[in-house]
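Owing to the predicted nature of the structure, the values given are computational and were not obtained by experimental measurement.
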Amino acid sequence: MKQHTKELKQLIDRLHLQFIESEGPVDKKDHAFFNKVKQETGPMFEINEAWRDEAEVFVKERKASVHPNQVKSTHENIEMIILHSYYLDVDRKRFKELYQSVHYVLDMMLNDLSE
């Protein structure tokens, strides 16, 4: 779980940079772009799913200061970060809020794993 948590932190940092450096919204009907996104994001979604499954078990065993609903929300927020970093269909403030929220929970989990 520690490895997946660290991977997710690096992933969202990379996606945050991608969001900031990218130009305006893309054509959502562009089939080639859709296929590129689907191919690139597949492994990201897999890591996120694996993390959620491990985190749910960790939290249920009362080994974490994070609540089960925070795990669920963080998983969903990571999915949104992945998609928004490609489609750029959310404003910068909202993206930053998602990014900071995810980092907060992931840092809490890493802290609990270190104890």
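With contacts defined as side-chain heavy-atom distances shorter than 4.5 Å, the pair F58/V66 does not qualify. For the pair S85 and R14, the minimum side-chain heavy-atom distance is 4.5 Å or more. Here the side chains of I20 and R92 are in contact, with some heavy-atom distance below 4.5 Å. D13 places a side-chain heavy atom less than 4.5 Å from the side chain of H103. Here the side chains of I82 and L15 are in contact, with some heavy-atom distance below 4.5 Å. Counting heavy atoms from C-beta on, the side chains of M1 and H4 never come closer than 4.5 Å.
In the hydrophobic cluster analysis, where Ile, Leu, Val, Met, Phe, Trp and Tyr join through side-chain heavy atoms closer than 4.5 angstrom, Y104 is grouped together with L110.
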Taking it one step at a time, do F19 and V90 satisfy side-chain contact (heavy atoms from CB on, under 4.5 Å)?
CA-CA 10 Å; F19 180 84; V90 68; 4.1 Å; yes
Could you walk me through whether M80 and R94 pass side-chain contact (heavy atoms from CB on, under 4.5 Å), step by step?
CA-CA 11 Å; M80 287 193 285; R94 175 68 181 136; 4.0 Å; yes
In sequence, state the C-alpha distance, the side-chain angles, and the governing distance for L8 and I78, and then conclude on side-chain contact (heavy atoms from CB on, under 4.5 Å).
CA-CA 8 Å; L8 284 175; I78 292 169; 3.8 Å; yes
Stepwise side-chain contact (heavy atoms from CB on, under 4.5 Å) test for W51 and L106:
CA-CA 10 Å; W51 175 83; L106 294 178; 3.7 Å; yes
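Counting only residues at least two apart or on different chains, the salt bridge (charged side-chain N to carboxylate O under 4.0 Å, His left out) pairs with a member in residues 39-48 are K36-E40.
Between the CG atom of N77 and the CD atom of Q70 there is a distance of 11.0 Å, given to the nearest 0.5 Å. Rounded to the nearest 0.5 Å, atoms CD1 (I47) and OG1 (T5) are 11.0 Å apart.
For K9, the salt bridge (Lys or Arg N to Asp or Glu O under 4.0 Å) partners two or more places apart in sequence, or in a different chain, are D107. Taking Q18 as the reference, nothing meets the side chain to side chain donor-acceptor pair (under 3.5 Å) condition, with sequence neighbours excluded. By the salt bridge (Lys or Arg N to Asp or Glu O under 4.0 Å) test, K93 pairs with E97, sequence neighbours left out. For E79, the side chain to side chain contact (heavy atoms under 4.5 Å, CB included) partners at least two apart in sequence or on another chain are F45, N48, E49, H75. With sequence neighbours excluded, the residues satisfying side chain to side chain contact (heavy atoms under 4.5 Å, CB included) with Q100 are K96. For H16, there are no side chain to side chain donor-acceptor pair (under 3.5 Å) partners, not counting sequence neighbours. Looking at residues two or more places apart in sequence or on another chain, you find no salt bridge (Lys or Arg N to Asp or Glu O under 4.0 Å) involving K60. A search for side chain to side chain contact (heavy atoms under 4.5 Å, CB included) contacts involving N111 returns E115, not counting sequence neighbours. The side chain to side chain donor-acceptor pair (under 3.5 Å) test applied to Q10 returns no partner, not counting sequence neighbours. Taking E21 as the reference, nothing meets the salt bridge (Lys or Arg N to Asp or Glu O under 4.0 Å) condition, with sequence neighbours excluded. Residues satisfying the side chain to side chain contact (heavy atoms under 4.5 Å, CB included) criterion with S65, sequence neighbours excluded, are M108, D112.
In terms of heavy-atom proximity, Y86 sits nearest to F33 at O-CZ, 3.5 Å. Nearest heavy atoms, Y99 versus I12: CE1-O, 3.5 Å. Heavy-atom minimum distance, V59 versus H67: CG1-C, 3.9 Å. Taking both residues in full, the closest heavy atoms of K2 and L113 are given as CA-CD1, 3.7 Å, listed atom of the first, atom of the second, then distance.
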